[in-house]
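Reckoned from all heavy atoms, side chains included, excluding hydrogens, waters and symmetry mates. A, B, ... follow the sequence lines: proteins, then strands. Residue 1 opens every chain.
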Amino acid sequence: MRRARRTARELAVLHPDAHCELDFTSPLELAVATILSAQCTDKRVNEVTPALFRRYPDAAAYAGADREELEALIRPTGFFRNKASSLIGLGAALVERHDGEVPGRLEDLVQLPGIGRKTANVVLGNAFGVPGLTVDTHFGRLVRRFGWTELDDPVKVEAVVAELLPKSDWTMFSHLVIFHGRRVCHSRKPACGACGVAALCPSYGLGPTDPEVARTLVKGPA
DNA sequence: ATCCCGAGGG
DNA sequence: CCCTCTGGAT
């Protein structure tokens with residue numbers, strides 16, 4: 001399907017500034033931020049991580065963290081009990097199995113507490129430069145609207161897209177669809193009238209197609 | 001399939 | 001009120 005590669009190329013033109021929007025300075029910080037980003041906006045994650053990273057500078061710090069103190073620091077991101085357990089378990093597992101460092105292989109990453117396939121691929125792509133598709137809620141929604149698949153299972157969706165796009169595009173494409181999903185192709189009311197890849201999308205017309213209406217949806221009322 | 005869970009938009 | 005936000009573990 002050539003349409004897939006064309007769509008990826010057009011998205012790159014539309015969103016030249018697309019990138020990982022989580023703030024981090026190390027693989028560990030990225031892993032922690034990504035765990036916190038589950039069912040939460042990256043903006044909110046970035047509001048809690050400065051204090052978090054200061055308080056817990058390495059894996060051992062998370063392993064020995066006081067649960068209540070940790071929960072208080074991450075509470076605004078939601079699911080704070082589960083996430084606190086994941087972070088404490090992550091720190092302990094890193095100290096035990098990986099000398100306190102975050103491993104750079106998918107097989108090792110997905111064995112760590114709180115790190116599933118999506119989070120593992122985020123860490124690989126943005127901290128280790130290893131190509132990976134990060135199939136989250138945005139990724140799945142857009143790829144289905146693009147008509148590339150009707151499957152819902154993230155692992156299957158990943159396999160489909162892996163066949164359609166060259167590996168060298170995987171990490172950037174993930175950023176692009178997530179960015180496009182946030183700015184234009186909203187879950188609820190997609191701004192089809194303001195969408196630069198509408199001509200390549202079989203779902204065009206799903207949302208408002210009037211450019212004026214779409215503009216207010218994207219940028220907010222003037 | 002279900003639970004975890006805070007915050008903001010409509 | 002309902003839905004959604006860069007999911008993962010049971």
Side-chain angles (χ1 to χ4, degrees), chain A residues 11 15 17-24 27 29-49 51-52 62 67-68 70-93 106-127 131-145 151-158 161 170-191 206-208 213-214 216-221:
Chain A
L11 285 175
H15 307 298
D17 51 336
H19 62 287
C20 180
E21 302 207 2
L22 295 170
D23 296 333
F24 67 96
E29 288 189 356
L30 178 58
V32 169
T34 308
I35 287 172
L36 295 180
S37 75
Q39 301 296 292
C40 175
T41 60
D42 51 336
K43 180 164 176 266
R44 191 172 309 284
V45 171
N46 289 335
E47 288 169 5
V48 309
T49 47
L52 189 68
Y62 286 103
R67 174 174 296 276
E68 298 211 355
L70 177 55
E71 288 182 354
L73 283 170
I74 66 176
R75 182 166 301 127
T77 67
F79 293 158
F80 61 88
R81 292 189 186 88
N82 285 353
K83 289 173 180 175
S85 295
S86 293
L87 296 183
I88 293 171
L90 173 65
L106 184 65
E107 316 85 80
D108 294 328
L109 285 167
V110 295
Q111 294 300 319
L112 297 167
I115 298 190
R117 194 174 178 85
K118 179 262 176 180
T119 300
N121 274 323
V122 170
V123 173
L124 285 176
N126 300 288
L133 292 165
T134 61
V135 185
D136 58 30
T137 170
H138 290 301
F139 192 113
R141 180 179 74 251
L142 266 70
V143 165
R144 282 187 290 276
R145 284 179 178 169
L151 297 171
D152 199 47
D153 175 11
V155 177
K156 292 178 181 174
V157 171
E158 182 182 332
V161 178
W170 289 359
T171 298
M172 183 52 66
F173 178 74
S174 297
H175 289 148
L176 290 170
V177 280
I178 289 165
F179 197 86
H180 194 66
R182 285 185 46 200
R183 305 308 299 244
V184 180
C185 194
H186 307 131
S187 175
R188 200 88 71 90
K189 287 196 293 182
L206 191 64
V213 175
T216 66
L217 289 173
V218 174
K219 309 175 88 173

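- With sequence neighbours excluded, the residues that form a side-chain contact (heavy atoms from CB on, under 4.5 Å) with A:Asp17 are A:His15, A:Phe179.
- For A:Ser187, there are no side chain to side chain donor-acceptor pair (under 3.5 Å) partners two or more places apart in sequence or in a different chain.
- With sequence neighbours left out, the side chain to side chain donor-acceptor pair (under 3.5 Å) criterion links A:Asn126 to A:His175.
- For A:Pro27, the side-chain contact (heavy atoms from CB on, under 4.5 Å) partners two or more places apart in sequence, or in a different chain, are A:Val102, A:Ala127, A:Phe128.
- Among residues two or more places apart in sequence or in another chain, the side chain to side chain donor-acceptor pair (under 3.5 Å) test is passed with A:Arg75 by none.
- For the C1' atoms, the distance from B:dC4 to C:dT4 is 16 Å, rounded to whole Å.
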Which donor-acceptor pairs under 3.5 Å do side chains of residues 111-123 of chain A form with protein atoms, sequence neighbours excluded?
| residue | atom | partner | partner atom | Å |
| --- | --- | --- | --- | --- |
| A:Arg117 | NE | A:Glu158 | OE1 | 2.7 |
| A:Arg117 | NE | A:Glu158 | OE2 | 3.3 |
| A:Arg117 | NH2 | A:Glu158 | OE2 | 3.0 |
| A:Asn121 | ND2 | A:Arg117 | O | 3.4 |
| A:Asn121 | ND2 | A:Leu133 | O | 3.1 |

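- Heavy-atom distances under 4.0 Å link DNA chain C to A:Leu112, A:Pro113, A:Gly114, A:Ile115, A:Gly116, A:Lys118, A:Thr119 of residues 109-120 of chain A, given in residue order.
- Across all strands shown, A:Arg188 has heavy atoms under 4.0 Å from base atoms, whether or not it also approaches the sugar-phosphate.
- Among the heavy atoms of the strands, none lies under 4.0 Å from A:Thr77.
- For the side-chain contact (heavy atoms from CB on, under 4.5 Å) test, residues two or more places apart in sequence or in another chain that qualify with A:Thr49 are A:Ala33, A:Leu36, A:Val45, A:Asn46, A:Phe53.
- Looking at A:Arg144, its side chain never comes within 3.5 Å of a backbone N or O of A:Val157 through a donor-acceptor pair.
- Contacts of A:Phe79 with the nucleic acid, taken as non-hydrogen atoms under 4.0 Å apart, include base atoms.
- Rounded to the nearest Å, the gap between the C1' atom of B:dC5 and that of C:dC3 is 14 Å.
- Each of A:Ile178 and A:Ser86 was matched to the nucleotide of DNA chain C holding its nearest heavy atom; the match closer to the 5' end belongs to A:Ile178.
- With rounding to the nearest 0.5 angstrom, the OG atom of A:Ser86 is 5.5 Å from the CD1 atom of A:Ile35.
- Every residue meeting the side chain to side chain donor-acceptor pair (under 3.5 Å) condition with A:Arg67, not counting sequence neighbours, appears here in chain and number order: A:Ser85.
- One P atom belongs to C:dT6, the other to B:dG10, and the distance between them is 15 Å to the nearest Å.
- Between the CG atom of A:Leu73 and the P atom of B:dG6 there is a distance of 16 Å, rounded to whole Å.
- Within 4.0 Å of A:Thr134, counting heavy atoms only, lies no atom of the nucleic acid at all.
- Listed by chain and residue number, A:Phe139, A:Trp148 satisfy the ring pair (Phe, Tyr, Trp, His ring centres under 6.0 Å) test with A:Phe173 (two or more places apart in sequence, or in another chain).
- For A:Arg75 and B:dC5, the CZ to C1' distance is 11 Å, given to the nearest whole Å.
- First and last contacting nucleotides of DNA chain C toward chain A (any atom under 4.0 angstrom from a heavy atom, 5' to 3' order): C:dC3 to C:dA9.
- Within residues 34-49 of chain A, the residues approached by DNA chain B to less than 4.0 Å at the level of any non-hydrogen atom are A:Gln39, A:Arg44, in residue-number order.
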